[in-house]
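Structure record follows, encoded as C-alpha cells.
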Amino acid sequence: MKLYIVRHGETPWNTQLRLQGQTDIPLNENGRALARVTAQALSDVPFDLALTSPLSRARETAALLLAGRDVPLIDEERIREISFGALEGVYLSREEREDPDSQFYRFFHAPDEYVPPEGGESVRELCERTGAFLKELKAKTEWQDKTILVSTHGAASRALLLGMTHGEARDLWAGGVPKNCAVTIAKLQAADGEWAILKKDRIYYALEDRRNQAPDYMTGEVADIKQDSGASAGKSGTMAEKTGITIGKSDATVENSETMEIKDKESKRPETFAMKTSDFFFDLPQELIAQDPLEDRSASRLLVLDKKTGTIRHRHFRDILEYLHPGDCLVLNNTRVIPARLYGVREGTGAMIEILLLKRKGNNVWETLVKPGKKAKPGTRIFFGEGLLTGEVIDVVEEGNRLIRFTYEGVFEEILDQLGQMPLPPYITHELKDKNRYQTVYAKYDGSAAAPTAGLHFTPELLDDVRAMGVRIAEVTLHVGLGTFRPVKVEDVTKHHMHSEFYQIDDEAAHIINETKAAGGRVVCVGTTSCRTIESAAAEGGTLTACSGWTEIFIYPGYRFKVLDGLITNFHLPESTLLMLVSALAGRERILNAYAEAVRERYRFFSFGDAMLII
C-alpha cells in the first residue's frame with residue numbers, strides 16, 4: 001500500500017490569519033491553482049482510490065488532483081483538521097503567536113503541553129483518531145496493493161506521520177508545517193508491517209509548473225514520482241513555517257501558503273510625463289561589449305553612483321563592502337540557468353534550426369523562440385542529437401514564438417544536459433569555456449533562459465565577508481525569461497508590454513526584508529531581477545509576505561519604489577527596459593551621464609562586463 005498524503009490548497013481564511021480548524025472554508029483561486037499544478041505533477045501516479053477529509057477545502061483539493069480520472073473519492077472523518085473549538089474564525093495576532101505564555105505558542109512549540117480552547121481538541125485526541133485510521137488501513141487486506149491519495153490538513157497530516165513513525169506528541173511539528181498542496185509519500189512494508197516515508201513535503205509549484213523539469217533543490221526532484229524511490233528528504237521547516245497552519249499569511253512571519261497571481265505591470269503607477277524609447281539611447285563602441293568573464297569574478301570594476309546627487313566614484317567590485325552597512329539586507333536571485341539552446345535539423349530537408357526554450361507549458365510542450373521561424377510552421381518535426389530528442393511545432397503564439405511538443409526516451413533534463421547549450425546573449429560571440437561562469441555562485445533552482453548577471457561578480461568569499469560585517473542576505477527566485485531582454489519596439493514607453501516571468505519569495509526572505517526595513521536598514525538588490533521580484537510582491541506599504549506567481553512589472557521613470565533602496569547592476573543595452581528601470585531609481589539624466597562616463601573610462605558592458613552600484 002502506498003499513500004500520497006496531501007495538504008489542502010490555500011483558503012481565504014489562510015490569507016486573513018483566521019483560525020480554521022474544522023470550520024468548512026473552501027479554497028480560494030490561488031489554492032485551486034496550486035492544486036492544478038500539483039495534479040499535473042502527479043498525473044503519472046496510478047491512484048486506485050482517494051480518502052479525503054470531508055471539509056470542502058480538502059475535498060476540493062482531492063477532486064482537482066484527480067480531475068479527469070475515474071477514481072472513487074471517499075470521505076474519512078478521522079482525517080479532519082484539529083478542532084479549535086470556540087476560537088475558530090478568530091484572528092490570531094502576532095502577539096499571541098509569539099507570546100510564550102499563550103496556548104497557541106505552545107501548540108507550535110510544545111504541542112504536548114497545549115491546552116485547547118473550549119470545544120477544541122488536544123493533540124493527543126487528534127493523534128488517537130488519526131492513529132485509529134492508520135490501524136484500519138493496515139487491516140484492509142484488499143487495499144494492500146493499492147495506491148491511495150489522502151487529502152487532509154496541516155496538523156492532521158503531521159499526526160498521521162507521528163502514527164507512522166511512532167513519534168511523540170511533542171514532535172508533532174518536526175519538520176515544520178507542510179506547505180499548501182505539499183505531498184508526502186509513505187509505503188506500508190509487507191515484511192514488517194511498518195510505514196516507510198519515501199518522500200516528505202514535496203511541492204511542485206515552485207518552478208513554473210514544470211513537471212519533469214530539472215531538480216528543484218528545495219523540494220526534491222519532480223521526476224522522482226515516476227520511480228517512487230529514495231528515502232525521506234523533506235526540508236525542515238522554520239518556526240515561522242510552523243505557525244502557517246490554517247492561519248495563512250502574516251505581515252512577515254507566518255506565511256507558508258504560496259500565492260500565485262500575475263502582477264499587473266501598471267499597478268500603483270503614478271501618472272508620468274510622456275517618454276519616448278529614443279530618450280534612452282546612448283552610443284556604445286562595439287569593443288566595450290565584454291566577450292569573456294574575468295578570471296576573478298570580484299575583480300570587475302565598479303562605478304558607484306549617488307542616486308541623489310549624481311556623484312560618481314570609480315572602484316573595484318570587491319570594494320562593495322565599503323558601501324554596505326551593518327543592518328542592511330542584500331537580496332539575491334538564486335535562479336539557475338538551464339542549457340536552453342538546442343540545435344536540430346528539420347525533417348525532410350535537413351535544414352538547421354535553432355531553438356531557445358523559454359517556458360514549459362506542460363505535457364512536454366515548451367514555448368520556444370525558433371530561428372529561422374519561417375522553417376518552423378505547425379506540423380514541422382525537428383530532430384536533435386540524431387533522434388535522441390524530437391520536437392513537433394504545434395502552434396504559433398504571441399510574437400511568433402512556437403509551441404513545440406517534445407518526445408524522447410528517458411529523462412528530459414538528462415537529455416537537455418547532453419544536447420543543450422548555455423543560452424548566451426547574441427552580443428557574446430566567443431565560446432564559453434566554462435558554463436559555470438554563466439551561473440552565479442549561489443544559483444540553486446533551475447528555470448532561467450538567461451543569467452541574473454549582476455550576481456556574477458560575487459564569490460563565496462566575498463559573500464562570507466558581507467555576512468561577517470552584519471549584512472543580512474535574503475534569497476528570492478525569478479526565472480529570467482526572454483521578456484526581460486526583449487527590445488522595446490514602440491516609441492511610447494508606456495505602450496511596451498513585458499512578458500510574464502515566474503517568481504517566488506519564501507517566508508524567510510520576506511521576514512528578513514521586512515525586519516531590515518522596520519529597523520531602518522537598507523534593502524540593496526543584486527540585479528534588476530531581484531528588484532522586480534520584491535517590487536512585484538510588495539504591498540503598497542512596502543511589506544512582503546511569502547508568495548509566488550507571475551510578474552509582468554515594467555519599471556520606468558515615474559515609478560515609486562516600495563522596498564528597494566539600492567541596486568547592484570551591470571551596464572545595460574541602449575533603449576532597453578533594464579536601462580529604463582535604473583533610470584527610474586536614479587533619474588534618466590544621471591544614468592545617461594554615468595553611462596557616458598563609463599564609456600569614457602572604458603568600462604566593460606553587458607553580461608560579462610563591469611558593475612554599477614546605485615545607492
Side-chain angles (χ1 to χ4, degrees), residues 284-304 314-321 323 330-341 356 416-417 420-466 473 475 477-482 484-485 524-531 567-574 576 578-579 582 594-595 598-599 601-614:
L284 178 66
Q286 188 78 12
E287 66 269 18
L288 295 186
I289 299 175
Q291 294 296 316
D292 303 291
L294 296 179
E295 184 174 345
D296 177 1
R297 290 174 182 260
S298 63
S300 305
R301 297 171 70 188
L302 177 70
L303 187 150
V304 182
H314 301 291
R315 306 298 299 270
H316 285 90
F317 192 79
R318 62 177 68 93
D319 300 329
I320 196 78
L321 298 173
Y323 295 93
L330 207 60
V331 183
L332 311 179
N333 179 9
N334 57 21
T335 188
R336 187 174 180 84
V337 184
I338 63 174
R341 179 165 281 123
L356 181 66
L416 189 61
D417 283 338
Q421 297 184 16
M422 295 302 280
L424 296 178
Y427 50 75
I428 295 177
T429 59
H430 291 188
E431 181 181 352
L432 183 62
K433 297 178 181 179
D434 179 2
K435 65 180 182 180
N436 288 324
R437 294 308 308 275
Y438 196 54
Q439 304 278 16
T440 63
V441 296
Y442 47 82
K444 293 180 180 177
Y445 306 131
D446 289 318
S448 279
T453 55
L456 297 178
H457 304 284
F458 281 98
T459 63
E461 295 78 13
L462 185 55
L463 287 171
D464 288 342
D465 291 340
V466 168
I473 293 179
E475 294 189 13
T477 305
L478 184 140
H479 292 317
V480 186
L482 192 63
T484 298
F485 303 99
V524 180
C525 285
V526 178
T528 57
T529 59
S530 299
C531 165
L567 179 67
I568 298 170
T569 186
N570 280 20
F571 293 92
H572 305 297
L573 279 71
S576 64
L578 304 182
L579 184 61
V582 296
Y595 272 52
V599 170
E601 293 295 325
R602 310 295 290 176
Y603 275 67
R604 303 163 75 244
F605 277 64
F606 305 162
S607 296
F608 288 145
D610 295 315
M612 184 178 191
L613 170 64
I614 305 172

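Quick note: numbers below take in every heavy atom, side chains included, and nothing from hydrogens, waters or symmetry partners. This chain uses plain numbering: 1 for the first residue, then up along the sequence.
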**Item:** Verdict with supporting geometry, K444 and R336, side chain to side chain contact (heavy atoms under 4.5 Å, CB included)
**Value:** CA-CA 6 Å; K444 293 180 180 177; R336 187 174 180 84; over 6 Å; no
**Request:** Could you go through the side chain to side chain contact (heavy atoms under 4.5 Å, CB included) check for V441 and L463 one step at a time?
**Result:** CA-CA 10 Å; V441 296; L463 287 171; 4.0 Å; yes
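Taking every heavy atom of both residues into account, P285 and R602 meet most closely at CG-NH1, 4.5 Å. Here the closest non-hydrogen pair linking P423 and A449 is CG-O, 3.0 Å. Residues G455 and T440 share a closest heavy-atom pair of C-CG2, 3.7 Å. The nearest pair of heavy atoms linking S300 to G609 is OG-O, 4.2 Å. In plain terms, the two heavy atoms of Y438 and V337 that are nearest each other are O-CG2, 3.7 Å. In terms of heavy-atom proximity, T529 sits nearest to P452 at OG1-CB, 3.6 Å.
Listed for the N334 side chain is no donor-acceptor partner under 3.5 Å among the backbone atoms of A443. Between the side chain of R297 and the backbone N or O of L456, at least one donor-acceptor pair lies under 3.5 Å. Within the 3.5 Å criterion, the main-chain N or O of P426 finds no donor-acceptor partner in the side chain of T429. For the pair R604 (side chain) and D292 (backbone), a donor-acceptor distance under 3.5 Å is present. Under the 3.5 Å distance criterion, the side-chain polar atoms of S448 are left unmatched by any main-chain donor or acceptor of A451. For S530 (side chain) and V526 (main-chain N/O), a donor-acceptor pair under 3.5 Å exists by modelled atom type.
Annotation: the span from F458 atom CZ to D464 atom CG amounts to 12.0 Å, rounded to 0.5 Å. To the nearest 0.5 Å, atom CE of residue M612 and atom CZ of residue F317 are 13.5 Å apart. Between the SG atom of C525 and the CD1 atom of I614 there is a distance of 11.5 Å, given to the nearest 0.5 Å.
The aromatic rings of F606 and Y427 are tilted relative to each other, their planes meeting at an angle between 30° and 60°. Classification of the F571-Y595 ring pair by plane angle, with boundaries at 30° and 60°, yields perpendicular.
No hydrogens or angles considered: a donor-acceptor pair under 3.5 Å links the side chains of D296 and S298. Between the side chains of H457 and D610, no donor N or O sits under 3.5 Å from an acceptor N or O.
Residues T335 and L478 fail the side-chain proximity criterion, which asks for heavy atoms closer than 4.5 Å. Taking the side chain as every heavy atom from C-beta outward, L330 and V466 approach each other to under 4.5 Å. Here the side chains of I289 and L284 are in contact, with some heavy-atom distance below 4.5 Å. Between V582 and H572 there is a side-chain heavy-atom pair separated by less than 4.5 Å. Side-chain atoms of K435 and Q421, non-hydrogen and from C-beta on, never get closer than 4.5 Å to each other. Side-chain contact between L567 and L613 is absent, with no heavy-atom pair separated by less than 4.5 Å. Residues Y442 and I473 form no side-chain contact, since every pair of their non-hydrogen atoms from C-beta on lies 4.5 Å or further apart.
When ring centroids are compared, Y603 and H314 come within the 6.0 Å threshold.
The side chain to side chain contact (heavy atoms under 4.5 Å, CB included) check on D434 picks up N436, R437, with sequence neighbours excluded. For the side chain to side chain contact (heavy atoms under 4.5 Å, CB included) test, residues two or more places apart in sequence or in another chain that qualify with H316 are R301, R318, D319.
Only one option out of T453, L424, N570 pairs with F608 in a side chain to side chain contact (heavy atoms under 4.5 Å, CB included); it is L424.
A 6.0 Å sphere centred on CD of E287 holds more than 12 heavy atoms belonging to other residues, nucleotides or ligands.
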